[in-house]
Amino acid sequence: MSTEKNILEGAKNLFMQFGLKSITMDDIAKKVGVSKKTIYQFFNDKNSIVFKSVHKHFSEHRIEIEEVLNNSKDPIETIYRISKHMQMQVEAINPTVFYDLQRYFPKAYKRFLEFKNTFMKESLQQILDDGINAGYFRKELDTEILVIQRIEQVQMAFDNDIYPRDRFDFKKVHEQLFDHFIHGILTIKGKEKYNQYLNEEHEA
DNA sequence: TACCGA
DNA sequence: GTCGGT
């Protein structure tokens with residue numbers, strides 16, 4: 001792998017684990033095993049590494065989501081598998097990343113918002129519309145309104161002022177919000193199908 | 001690796 | 001004192 005890819009991969013891993021602000025250029029150099037001089041041959045500044053890390057992260061995330069979209073038998077399986085995927089992502093990322101992005105790295109934060117407001121929004125809306133047509137989700141739903149609600153509630157769970165992490169289990173907050181969301185949209189038929197996937201998981 | 005400026 | 005940048 002190229003030196004540039006190595007640096008980016010190492011930086012991304014450190015950022016995911018510890019956040020953006022607390023990781024220094026020296027930390028990255030040490031982790032990757034190169035000098036800071038080498039890093040600055042590929043990246044203009046820290047802002048550039050953060051931006052490219054964020055870009056790489058969401059590009060990979062997008063490919064994984066597309067794999068699920070293309071290989072699920074029905075909308076219930078899609079939303080179930082994506083929720084599992086999101087759960088893993090949520091556990092793998094230090095929540096301070098979002099705070100750091102917003103506060104210190106506006107350009108990278110903009111990239112994140114773009115991902116959230118285009119790809120995430122469009123794919124979730126497609127899933128909801130498909131689910132309604134298949135009779136799994138309630139036909140009364142306004143999917144455009146609910147997609148925004150769902151995306152923003154995920155973001156809300158990352159906000160330490162809203163669900164302080166010294167009082168709430170981060171993972172449990174996400175689980176609760178998803179459970180509440182999914183049960184608010186399922187029809188009877190959808191619930192049966194959803195429970196099938198839950199039961200398969202317990203048997204596995 | 002040492003150093004400077006913020 | 002810390003950290004991005006030289």
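Chain A is the first sequence line, chain B the second, and so forth, proteins listed ahead of strands; every chain is numbered from 1. The analysis underlying the following values was restricted to heavy atoms, covering all of them including side chains, and did not include hydrogens, waters or symmetry mates.
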Euclidean distance, atom [atom1] of residue [X] to atom [atom2] of [N] [Å, nearest integer]:
X: A:Q41; N: C:dG4; atom1: CD; atom2: P; answer: 18 Å
X: A:M25; N: B:dA2; atom1: CE; atom2: P; answer: 19 Å
X: A:L20; N: C:dC3; atom1: CG; atom2: P; answer: 14 Å
X: A:F42; N: C:dG4; atom1: CZ; atom2: C1'; answer: 19 Å
X: A:D27; N: C:dG4; atom1: CG; atom2: P; answer: 8 Å
X: A:I39; N: C:dC3; atom1: CD1; atom2: P; answer: 15 Å
X: A:F43; N: C:dT6; atom1: CZ; atom2: C1'; answer: 18 Å
X: A:D26; N: C:dG4; atom1: CG; atom2: P; answer: 7 Å

**Request:** Determine the contact category for A:K37: base if any of its heavy atoms lies under 4.0 Å from a base atom, sugar-phosphate if only primed atoms, P, OP1 or OP2 are that close, otherwise nothing.
**Result:**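 Since no nucleic acid heavy atom lies under 4.0 Å of A:K37, the category is nothing.
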**Message:** Once you apply a heavy-atom cut-off of 4.0 Å, does A:I23 come out as touching a base, just sugar-phosphate, or nothing?
**Reply:**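 It contacts sugar-phosphate atoms only.
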**Asked** What about A:K46, does its side chain sit under 3.5 Å from the base of C:dG5 through a donor-acceptor pair?
**Response**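 A donor-acceptor contact between them is absent.
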**Message:** Below 30° counts as parallel, above 60° as perpendicular, anything between as tilted: where do the rings of A:Y109 and A:F112 land?
**Reply:**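 Judged by the thresholds at 30° and 60°, the geometry between A:Y109 and A:F112 is tilted.
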**Prompt:** Aromatic rings A:F58 and A:H61: how do their planes relate, parallel, tilted or perpendicular, breaks at 30° and 60°?
**Reply:**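 Plane angle over 60°, so perpendicular.
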**Prompt:** Is the cationic atom of A:K21 (NZ for Lys, CZ for Arg) positioned less than 6.0 Å from the six-membered ring centroid of A:Y104 and within 45 degrees of its normal?
**Reply:**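 Cation-pi check for A:K21 and A:Y104: passes.
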**Request:** Give the intermediate values and the outcome of side chain to side chain donor-acceptor pair (under 3.5 Å) for residues A:N13 and A:Q17.
**Result:** CA-CA 6 Å; A:N13 291 338; A:Q17 192 176 354; over 6 Å; no
